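Report on the structure given below.
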There are 2 protein chains.
Amino acid sequence: MALRGTNQEFGRPYNRRIVLETIRLEAPIARGDIASRVGLTVQTVSTIIRELEQNGFVTGSRDAPKGRGLPRTSLMLNPEGGFAIGLHVTPIGIGAALVNLAGDIVGSRYHAFAPVTPERSFAIFETLIAEMRALRPDARMLGIGVAMPGPNDVESMSFVGPTTLEGWKGVDVGGRLTATTGLPAFVGTEPSAAALGERLYGKGRDLNSFYYLYVGVGFGGAMVHGGSVLLGAHGNAGEIGHIPIVPDGDLCPCGNRGCLERYVSLEALDRRLKAVDPGAEVERALEDHPAIVDEWIAETAPVLRRAIATIENLFDPEGIVISGFASEALLRRLFAATEPLMHSVAERSGRTSPRLLLSTEGKDAVMRGSAALAISGVLSPRFGLLFAGEEERTDRDPIMTGPAKKEVAA
Amino acid sequence: MALRGTNQEFGRPYNRRIVLETIRLEAPIARGDIASRVGLTVQTVSTIIRELEQNGFVTGSRDAPKGRGLPRTSLMLNPEGGFAIGLHVTPIGIGAALVNLAGDIVGSRYHAFAPVTPERSFAIFETLIAEMRALRPDARMLGIGVAMPGPNDVESMSFVGPTTLEGWKGVDVGGRLTATTGLPAFVGTEPSAAALGERLYGKGRDLNSFYYLYVGVGFGGAMVHGGSVLLGAHGNAGEIGHIPIVPDGDLCPCGNRGCLERYVSLEALDRRLKAVDPGAEVERALEDHPAIVDEWIAETAPVLRRAIATIENLFDPEGIVISGFASEALLRRLFAATEPLMHSVAERSGRTSPRLLLSTEGKDAVMRGSAALAISGVLSPRFGLLFAGEEERTDRDPIMTGPAKKEVAA
DNA sequence: AATATATAAATCCATTTGACTGAATAAATC
DNA sequence: GATTTATTCAGTCAAATGGATTTATATATT
């Protein structure tokens with residue numbers, strides 16, 4: 001855990017992040033409001049804002065006067081203040097996107113190929129990264145984020161079975177990318193990256209804590225608490241696809257029986273489709289084989305409901321966000337099938353917010369999310385950590401370094 | 001979440017806590033070692049230690065010389081530096097204990113009565129608290145911690161059924177205790193309090209993250225991560241007793257079917273015993289009805305195993321600690337019945353530590369733990385928070401106030 | 001219409017807190 | 001006496017604070 005003390009040089013960057021994060025979440029907002037919100041004085045916030053403006057992270061605009069007094073200057077993130085490249089590695093290809101500070105996808109590319117071996121992938125990484133960089137050649141590039149299927153380094157289920165990648169065990173993806181590009185690189189699992197994206201730019205903006213469900217080829221999840229994604233001791237928290245949900249159920253490649261992923265996942269649907277029509281594709285399942293989808297939904301709904309009750313009782317989140325690589329139409333079907341929800345601690349007396357939310361971010365979520373892995377280095381409030389349990393980054397504070405830097409009050 | 005900025009006056013208490021926590025975990029330890037560990041200079045640590053010594057939290061002793069140079073002064077927590085009263089409310093009585101900074105139970109008392117209504121309980125609280133205070137009349141009393149069965153404020157399952165308390169809905173336990181005693185009072189659920197005790201004084205000292213399972217009348221749990229107990233959005237995280245583990249299983253008072261607690265809990269064993277012998281008692285189950293216990297263990301083992309795999313895949317902890325109100329012998333039986341463990345992300349390639357640990361702290365865990373709720377106000381490293389998600393305590397820093405205070409460099 | 005006052009937002013400046021750097025001191029061994 | 005190690009003393013510096021000041025607008029008064 002390595003508890004660290006604080007000192008003045010540590011405190012300033014921390015306050016910078018707090019202020020920047022507040023602007024991100026509450027924009028447009030004025031200096032005074034930030035001050036009262038974060039518990040600093042207006043003067044302090046003012047000097048921090050000056051730094052942030054000079055470095056291009058924040059822009060301000062004089063409001064229209066209403067009431068007496070000097071009209072406030074509303075501050076907001078400068079979307080062009082920084083960019084990150086998000087990479088999404090799947091068993092059937094690699095996606096890349098250039099994402100700005102506001103989470104907008106400036107441009108993206110997808111390269112389909114198989115098998116996705118490390119050597120071929122690294123070559124494609126380089127091409128994709130160069131392409132993305134070319135979209136904003138002179139901008140401040142904050143880093144690269146890579147989302148990969150989990151879990152990491154687990155004997156029985158790493159990179160085995162249809163939902164995982166083969167041949168990647170022990171490959172230092174982050175290290176190699178940093179070496180070839182000179183940019184800081186961060187690697188995360190698909191669901192944790194997507195959850196981070198959701199927390200920064202999606203439904204998670206309004207939720208202090210939420211559980212994120214990611215229906216992909218497999219089925220993943222991530223708990224977001226206090227702004228951080230909980231990764232667990234070894235980054236494998238959220239392997240919800242492998243919770244044993246049906247006693248003595250289907251055999252799973254992980255060695256257990258009745259894993260959630262065997263029922264609720266695109267791979268599970270695909271298996272059903274292929275059994276009837278070997279040429280069927282999950283993407284077109286609703287159009288081509290609606291009856292099979294109906295059957296699948298009906299049979300998996302109780303399984304999904306039990307999974308949801310399990311999450312609610314174990315994590316007590318403010319809400320559960322359902323999202324994923326699946327098509328929006330299919331997600332909506334799954335979402336609707338969760339009703340009626342089971343009883344759980346989520347049934348609070350004064351509850352107003354919904355227990356379940358559907359994220360329509362769709363497939364962009366992962367790419368945005370993986371870029372967010374890098375962007376979080378700038379935007380994270382807690383000493384640079386958006387992932388609880390992650391090693392503390394000892395790099396210099398990225399906010400005040402980088403190409404876009406103009407001279408700060410020398 | 002309310003992000004807060006930091007400043008020097010905020011930084012000093014934080015550093016004090018970091019130093020104190022380091023001493024607690026690593027004692028005996030010298031100033032220099034603390035400095036390099038927490039990243040502060042020796043001088044800064046020195047001044048902090050001086051304060052802590054003057055306030056009686058820490059004592060130092062000159063080591064025996066070995067090698068040349070001035071022998072180091074080893075520092076350790078002064079167990080008598082502070083005390084807290086732990087209260088444990090159960091459906092059949094109330095326990096109280098006086099606990100010192102080192103987590104030692106200085107004295108304890110149990111008052112059996114039923115039904116445990118709020119009015120009778122508050123009267124008994126007062127007697128017990130007075131008794132505990134009398135054990136160290138002049139010592140610094142840090143506060144009162146109360147452990148109660150969960151969950152809080154949930155429509156369908158609050159205070160209903162054999163494992164819960166009735167008539168306590170909406171009762172402000174902490175507020176009333178503070179009002180009558182003048183001491184800060186903290187209320188937590190049984191498992192979260194016990195988990196905190198385990199983290200401060202038990203197996204949790206060596207684990208950065210662990211899941212804590214508490215076999216009580218019901219079945220509870222708590223995730224400890226980075227030194228904090230994760231409470232969830234409303235303090236109800238860890239209602240593991242109500243995860244639906246058997247599809248279409250036994251009906252539970254919560255309204256669902258097949259809840260874990262219906263199988264693995266003292267209440268479940270009790271039901272089995274009473275069905276055969278209405279006068280049977282769980283405490284004497286192993287002696288009086290070994291066959292029934294065998295049968296219960298055999299039938300619940302697969303259920304427990306699935307629960308363990310679920311926890312491992314959802315939280316990825318370093319380990320799972322099994323503990324509880326149950327007798328040590330019974331816990332050992334349950335513990336042994338978890339083998340063979342199912343596959344999960346816990347099966348890491350280089351794994352050396354056990355996946356499951358048995359805590360022999362026994363029934364003291366809860367009382368120590370509830371006292372720890374109050375003690376954590378002093379020992380918590382993160383700005384006074386040992387519970388992630390808890391409201392920030394705006395009280396003055398308890399370390400430097402209180403009866404034992406001698407004049408600090410006026 | 002012209003002027004004065006009230007209010008709100010943001011900035012300037014002296015003060016204070018607290019951690020840091022470097023020198024000094026104390027207690028041991030060589 | 002020289003060297004080594006642990007700890008303390010003295011001065012420096014970064015950064016947040018409180019109070020006064022400046023700027024821009026609205027409203028009241030003459």
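Since the structure is predicted, the reported quantities are computational estimates derived from the model, not experimental observations. Quick note on labels: first sequence line is chain A, next is B, and so on, each numbered from 1.
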Any-strand Watson-Crick or G-U partner of D:dA6, both distances under 3.5 Å: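 The answer is C:dT25, by the H-bond criterion.
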
What is the distance, to the nearest angstrom, from the [atom1] atom on [X] to the [atom2] atom on [N]?
X       : N      : atom1 : atom2 : value
A:Arg31 : D:dT23 : CZ    : P     : 16 Å
A:Leu70 : C:dT7  : CG    : C1'   : 10 Å
A:Leu75 : C:dA9  : CG    : P     : 13 Å
A:Ile29 : C:dA9  : CD1   : P     : 12 Å
B:Arg62 : C:dA26 : CZ    : C1'   : 8 Å
B:Ile34 : D:dT7  : CD1   : C1'   : 13 Å
B:Ile49 : C:dA19 : CD1   : C1'   : 15 Å
A:Ile48 : C:dT11 : CD1   : P     : 13 Å

So which one's nearest nucleotide on DNA chain C is more toward 5', A:Gln43 or A:Pro71?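 The residue whose closest nucleotide sits nearer the 5' end is A:Pro71.
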
Quick one: is B:Arg72 getting a side-chain N or O under 4.0 Å of the D:dA6 phosphate, OP1 or OP2?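 Looking at the OP1 and OP2 atoms of D:dA6, one of them is under 4.0 Å from a side-chain N or O of B:Arg72.
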
OP1 or OP2 of C:dA19 versus the side-chain N and O atoms of B:Asn15: is any pair under 4.0 Å?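 B:Asn15 to C:dA19 OP1/OP2: side-chain N or O found under 4.0 Å.
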
Donor-acceptor check, side chain of B:Arg72 to backbone of B:Ala30, threshold 3.5 angstrom: yes or no?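 Between the backbone of B:Ala30 and the side chain of B:Arg72 there is no qualifying donor-acceptor contact (under 3.5 Å).
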
Got a donor-acceptor contact below 3.5 angstrom from the B:Arg368 side chain to the B:Gly86 backbone?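 No; zero donor-acceptor contacts below 3.5 Å.
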
Given [options], which nucleotide is nearest the side-chain atoms of [X]?
X       : options                : value
B:Thr41 : C:dT21, D:dT17, D:dT7  : C:dT21
B:Thr44 : C:dA10, C:dA19, D:dT17 : C:dA19
A:Ser46 : D:dA16, C:dT11, C:dC20 : C:dT11
B:Thr73 : D:dA16, D:dA24, D:dT7  : D:dT7

As a quick check of understanding, evaluate salt bridge (charged side-chain N to carboxylate O under 4.0 Å, His left out) for B:Arg136 and B:Glu80, giving each step before the final call. CA-CA 9 Å; B:Arg136 290 286 189 287; B:Glu80 304 278 313; 3.0 Å; yes

If you assign each of B:Arg50 and A:Thr47 to its closest nucleotide in DNA chain D, which residue comes earlier from the 5' end?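 It is B:Arg50 whose nearest nucleotide is closer to the 5' end.
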
Would you kindly check if the NZ (Lys) or CZ (Arg) of B:Arg24 is within the cone defined by 45 degrees around the ring axis of B:Phe57 and under 6.0 Å from the six-membered ring centre?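 No; the conditions do not both hold, so B:Arg24 does not lie above the ring face of B:Phe57.
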
Stepwise salt bridge (charged side-chain N to carboxylate O under 4.0 Å, His left out) test for B:Glu21 and B:Arg199: CA-CA 12 Å; B:Glu21 176 70 359; B:Arg199 126 109 183 116; 2.7 Å; yes

